[in-house]
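Here the structure is laid out as structure tokens; the discussion comes afterwards.
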Amino acid sequence: MILALCAAAVSSVAYGVSTIMQAVAARRAAGLAVVRQPLVVAALVIDGLAWLLSLVALHRLPLFVVQALIASSLVVVVVLARFVLGTRIRPVDAVAVAVVVGSLVVLALAGGDQPAVAAPAGFTRAMLVAAGVLVVALAAAYRRGHPLLLAAIAGLGYSGAAVAARAAHGAGGLLDVVLQPLALVIVVSGAVGAVAYLRALERGPVGSAAAAESVIEVVVPAIVGIAVLGDTVRHGWVPAAAVGTLLALAGCVVLAQSPANAAAEATAPADELSPPASPPAPTDPGRSGP
């Protein structure tokens, strides 16, 4: 369990670091040139490692714990953005960071060590159908869909990938996860989530898109995990888990709408993201020096 918790925590930190690295790269280049930035390549590698660590976590921890930890990468983004991008942290952001961290400790204690179990009959078929529906929904909404709809599709895509990964672990170790139909669900759902989220950021405010995606990414897998995949809450910890989940989500929503997160995830050029320059101070005509 300790190894799984560490894997989930490191995965969350890695996702946050990757976001900041891509934000820095976006300020150094525009368009397709961003892809050639070494920081972007390194960020993609970190994303891949973070995803593998999340698979390790899902082998031993319930979905409601892992997904809450992953969503808390917003904490890393907001804190790092303060030092790397020079953005400001509002007092409410500092409170939200403390609330999210405290809530995650409660959720970790409420979940405990829960190895993945075999999914019920028909689950794989249902997940394949769900992945296909998400592809169709993304295709239909991509051009003119509302940003919140695209963010919802992104959240469902990431949710589908997490649920499929948890269920796939019920068949055995990491190699067994790759060599089964649910691996296709993981790949397709994850791709839908990534494309839909980027499109949501292009078409609307960063804060609302990030908040909607984060809430769905935590709530949907938690419900499926408990209702279908055998995830349980430790005896006597149900109220604490419920309160912890709500507080973690509330904190993530606040952080998603933080100026720091907006600066890290915005797709506008660097000059559009910079605050307007202050007008020059009037000079004293009687002074020749600065």
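- Although no hydrogens or angles enter the test, the distance criterion places a donor-acceptor pair under 3.5 Å between the side chain of Gln180 and the main chain of Ala168.
- Side-chain contact between Ile70 and Ser11: present, with at least one pair of heavy atoms (C-beta onward) separated by less than 4.5 Å.
- Pro181 and Leu128 get closest at one heavy-atom pair: O-CD2, 4.1 Å.
- Between Gly145 and Leu150, the closest heavy-atom pair is O-CD1, 3.7 Å.
- A donor-acceptor contact shorter than 3.5 Å is absent between the side chain of Ser189 and the backbone of Gly160.
- Although no hydrogens or angles enter the test, the distance criterion places no donor-acceptor pair under 3.5 Å between the side chain of Ser18 and the main chain of Ala14.
- Listed here is the closest heavy atom pair of Ala264 and Val77: CB-CG1, 3.6 Å.
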side-chain contact (heavy atoms from CB on, under 4.5 Å) between Val188 and Val135: does it pass, once the steps are laid out? CA-CA 8 Å; Val188 172; Val135 171; 3.5 Å; yes
Chi angles and distances behind the side-chain contact (heavy atoms from CB on, under 4.5 Å) call for Val218, Phe64: CA-CA 7 Å; Val218 174; Phe64 67 86; over 6 Å; no
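- Distance check: Ile20 CD1 to Leu85 CG gives 5.0 Å after rounding to the nearest 0.5 Å.
- The minimum heavy-atom distance linking Arg166 with Gln114 is given by the pair NH2-O, 2.9 Å.
- Both Leu107 and Val238 are members of a single hydrophobic cluster when ILVMFWY side chains are connected at heavy-atom separations under 4.5 Å.
- Taking 4.5 Å as the limit, every side-chain heavy atom of Arg60 sits out of range of all side-chain heavy atoms of Leu3.
- Closest heavy-atom contact between Val66 and Ser54: CG1-O, 4.5 Å.
- Looking at heavy atoms from C-beta onward, Val253 lies out of side-chain contact with Ser214 at the 4.5 angstrom threshold.
- With hydrogens and angles ignored, the 3.5 Å screen pairs a side-chain donor or acceptor of Asn261 with a backbone N or O of Ala256.
- Considering Glu202, Glu217, Glu265 as possible partners of Tyr197, the one that fulfils the side chain to side chain donor-acceptor pair (under 3.5 Å) test is Glu265.
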Set out, in order, the CA-CA distance, both residues' side-chain angles and the distance that settles side-chain contact (heavy atoms from CB on, under 4.5 Å) for Met127 and Val163, then state yes or no. CA-CA 9 Å; Met127 290 300 297; Val163 169; 4.1 Å; yes
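- Hydrophobic clustering (side-chain heavy atoms under 4.5 Å, transitive across Ile, Leu, Val, Met, Phe, Trp, Tyr) keeps Val219 apart from Tyr158.
- Residues Val56 and Leu52 form no side-chain contact, since every pair of their non-hydrogen atoms from C-beta on lies 4.5 Å or further apart.
- Residues Ile46 and Met21 approach most closely at CD1-SD, 3.5 Å, considering heavy atoms.
- For the atom pair CD1 of Ile186 and CG of Leu58, the computed distance is 9.0 Å after rounding to the nearest 0.5 Å.
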Verdict with supporting geometry, Arg90 and Ser258, side-chain contact (heavy atoms from CB on, under 4.5 Å): CA-CA 8 Å; Arg90 304 169 300 176; Ser258 166; 3.8 Å; yes
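- Linking ILVMFWY side-chain heavy atoms closer than 4.5 Å, directly or via other members, places Val76 and Val10 in two distinct hydrophobic clusters.
- Between Asp113 atom CG and Ile2 atom CD1 the span is 9.5 Å, to the nearest 0.5 Å.
- Put simply, CG on Leu104 and OG1 on Thr245 are 9.5 Å apart, with the number rounded to the nearest 0.5 Å.
- Residues Ile89 and Val75 share a hydrophobic cluster, clusters being chains of Ile/Leu/Val/Met/Phe/Trp/Tyr side chains in contact below 4.5 Å.
- No hydrogens or angles considered: a donor-acceptor pair under 3.5 Å links the side chains of Ser12 and Ser72.
- With contacts defined as side-chain heavy-atom distances shorter than 4.5 Å, the pair Ser103/Val101 does not qualify.
- Residue Val105 is grouped with residue Leu74 when hydrophobic side chains (ILVMFWY) are merged at heavy-atom distances under 4.5 angstrom, including chains of intermediate members.
- Side-chain contact between Val195 and Tyr142 is present, with heavy atoms from C-beta onward closer than 4.5 Å.
- Taking CD of Glu213 as the start and CG of Leu201 as the end, the distance is 9.0 Å to the nearest 0.5 Å.
- Ion pairing between Asp93 and Arg82 fails under the 4.0 Å rule for side-chain N and carboxylate O.
- Rounded to the nearest 0.5 Å, atoms CG (Leu61) and CG (Asp231) are 9.5 Å apart.
- Counting heavy atoms from C-beta outward, Val215 and Cys252 have side chains that stay 4.5 Å or more apart.
- At least one side-chain heavy atom of Asp47 sits less than 4.5 Å from a side-chain heavy atom of Gln22.
- Looking at Arg203, its side chain never comes within 3.5 Å of a backbone N or O of Leu148 through a donor-acceptor pair.
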